[in-house]
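Report on one structure; see the data block that follows.
In the text below, chain A, chain B and the rest are named by the order of the sequence lines, each starting its count at 1. None of the values given here were measured: they were computed from a predicted structure.
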There are 2 protein chains.
Amino acid sequence: MVSIDEVARLAGLSTATVSRALSGRGYVSAASRERVTIAARQLGYVVSSRASSLASGRTRNVGVVVPFLDRWFFSTVLSGVSSALMRQGYDITLYNITADEAVRKDVFDVALRRQRVDAVIAVAIELDEEETEQLLALDLPVIAIGGPNPRLDTLTVDDFALARLATEHLLALGHTEIAHIGANPEFDIDFHIPTNRRLGFEQALADAGITPKSAYLEPADFTVDGGYRAAKQLLGRPGPRPTAVFAASDEMAIGAVLAARDLGYRVPEDLSVVGIDGHELGEFFRLTTVDQFPLAQGERAADAVLAKLEGTDDAAAHGALPFELIVRGTTARR
Amino acid sequence: MVSIDEVARLAGLSTATVSRALSGRGYVSAASRERVTIAARQLGYVVSSRASSLASGRTRNVGVVVPFLDRWFFSTVLSGVSSALMRQGYDITLYNITADEAVRKDVFDVALRRQRVDAVIAVAIELDEEETEQLLALDLPVIAIGGPNPRLDTLTVDDFALARLATEHLLALGHTEIAHIGANPEFDIDFHIPTNRRLGFEQALADAGITPKSAYLEPADFTVDGGYRAAKQLLGRPGPRPTAVFAASDEMAIGAVLAARDLGYRVPEDLSVVGIDGHELGEFFRLTTVDQFPLAQGERAADAVLAKLEGTDDAAAHGALPFELIVRGTTARR
DNA sequence: CTGAAAGCGCTAACAT
DNA sequence: ATGTTAGCGCTTTCAG
């Protein structure tokens, strides 16, 4: 590995000047800068992040904490984070919180405290008091996607509003018998998204003067299969039958569409289905959805963290995340 | 941040002994080890990776290079890599090679050379001569998944054999009119998987004395939508109609199943469909497939890299990757 | 604008 | 088994 001394020697300057020229910190004459650049390129010199970070305290590396790597939403957010960060010459190190409590604890107790990162992005993690405390104790810029967590800077999408919008779309099409696939009423306090989406759904109904039928509330686990099973129940049970389904995620919505077809119902003629997320398969299934632009969420989180790191206090760090109703082919007038 | 000196002081020992006790390298009496452990825990001390890696040359961090983050196969492999590495206390930093040539170049020219990682895992990247050279020049353990690359240690799944197995399954069920969705004959030299799968398919047919019909070769882009379109062509065109389809990926196979249904064909009664990969949605669609266990591939790559790092030369580094025919509901006797 | 030199926090000889 | 000490390769005062 070629070191800074060699560059200095070749450029005929001190290591201090080389360091300044390469990092852009401090005064360097144009002529010196030029010579350094040439010498560095000629030798193929790359600053050692180990040495540089020990001396400067900066690593040019951001930690990203995610609960899943192999689910579409999270890997899409991650992809957005990664592209925005790499573009600025930052690396990203990944902390995958799994179901394994020991791993989770290790991430907060040890891994994040190794001084390997300049900042942390936490994606859709429900942090408890202690974990929030630990993140704060790192004394590093932290951005959370998801939350909201009052003690952290959070990029939040208003799940209540998303769900209400999706439901209002159904109402506007004349539906009144609308079922909900998602959280069950007594769902945990720990993970808010399903509950918020159910509340937004109920609010929209209430605003339209409709009392939600409990038989129209079908819990499911946010997978295609879960949505499929839930829809089969909803459509197969004797008694009143919904003319529309609001699914709290696109994957469940896709499952619902397939279930309806399997039962012989036409979508959207016999049943309208709307989802939430903006899943990549939505287009293929002609799914009406409320897109929350997860790729952009990741990019925005990266921008926010960069703004904090560079001191340019950016508006991206605050404010609510955008969402948009995308009307495709799975919803129609009743 | 508490430093090693404070731990040493509290334990009444030198920093050298603390370092030895914590890293497990060199002799430390049980009593000293105990006192160090207690002092470290009491102070909440975590070794600074910046300082440690500068002094020792080890970072306990592995670089993972992937071409996509938001595609199921890659994020699943990544998930396997991550869990195996975190279990051993390693961090992982992510290098996402995108379509952007500048980003790709920057990863090999700069990012990987920052001395941030102890080893590299390259997932399904077709490396050119120069990139291979650059990886080798890092002088670090490197494991490639995919390849094969004669100059690198590679974990390879035999795509030819996978495709042949899938095709033989169809043949064994009595099919002779078998179509292929995947690479087109004049596909690039750059990305071998599609081509190898087509060759395996053709070999199986040849072994059964069947000449592949060129009309049964339908190129597609490895997405659900691509598989759907391809199957529609195959089934909708006038002329001979296949009774079975071999799709070179599960996502295309799922598209083919949906296309067949939309055209009014029953699967598997009118059309058998087999895929490759072991996609998470395969179970839902009752898809017959050849599973290549991507999660396990990731874990195995991680194990191989760890073996190289710890010097325990592990068999995991070599040998072919396993695969298995999973017969579910989309294939039947003709 | 540039150079000398003192660390950054740890590890690894080396000595004991 | 433990302590002393010299770096690891940079960055950043501080002088000039």
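Sequence order on DNA chain D of the closest nucleotides to Leu54(B) and Arg35(B) puts Arg35(B) first from the 5' end. DNA chain C is contacted by both Thr15(A) and Ala30(A); Ala30(A) maps to the nucleotide lying nearer its 5′ end (nearest heavy atom per residue). Mapping Tyr27(B) and Ala55(B) onto DNA chain D via the closest heavy atom, the residue that lands nearer the 5' end is Tyr27(B).
Listed pair Ser29(B) / dT2(D) meets the phosphate criterion, a side-chain N or O lying under 4.0 Å from OP1 or OP2. Between Arg25(B) and dC10(C) there is no side-chain N or O to OP1 or OP2 distance below 4.0 Å. An OP1 or OP2 oxygen of dG3(C) is reached within less than 4.0 angstrom by a side-chain nitrogen or oxygen of Ser14(A). In this model, the phosphate group of dG3(D) is approached by a side-chain N or O of Thr17(B) to a distance below 4.0 Å at OP1 or OP2. Remark: Tyr45(B) is in phosphate contact with dC10(C), judged by side-chain N or O atoms under 4.0 Å from OP1 or OP2. For Ser52(B) and dT11(C), the shortest distance from a side-chain N or O to OP1 or OP2 is below 4.0 Å.
Arg33(B) comes within 4.0 angstrom of nothing in the nucleic acid, heavy atoms only. As judged by a 4.0 angstrom heavy-atom cut-off over every strand, Ser32(A) is placed among residues touching the sugar-phosphate backbone only.
Note that Arg71(A) lies in the cation-pi zone of Phe68(A), set by a 6.0 Å cut-off to the ring centre and a 45° limit from the axis.
Here Phe323(B) contributes atom CZ and Asp159(B) contributes atom CG; the two are 9.5 Å apart, rounded to the nearest 0.5 Å. With rounding to the nearest 0.5 Å, the separation of CG in Leu309(B) from CG in Asp118(B) is 5.5 Å. Atoms CG and CG, on Leu94(A) and Leu78(B) in that order, are 6.0 Å from each other to the nearest 0.5 Å.
Scanning atom types as modelled, one donor and one acceptor separated by under 3.5 angstrom connect the side chain of Arg20(B) and the base of dG3(D).
Nearest to the side-chain atoms of Val28(B) among the listed nucleotides dC10(C), dT2(D), dG3(C) stands dT2(D). Checking dG9(C), dC10(D), dT2(C) against every side-chain atom of Ala51(B), the shortest atom distance belongs to dG9(C). Which of dA5(C), dT11(C), dC10(D) sits closest to the side chain of Ala16(A) comes down to dA5(C). The side chain of Ser56(A) approaches dT12(D) more closely than any other nucleotide in the set dG9(D), dT12(D), dT2(C).
Here the P atom of nucleotide dG9(D) and the CZ atom of Arg60(A) are 22 Å apart, to the nearest Å.
Remark: the Asn61(B) side chain and the Thr93(A) side chain contain no N/O donor-acceptor pair separated by less than 3.5 Å.
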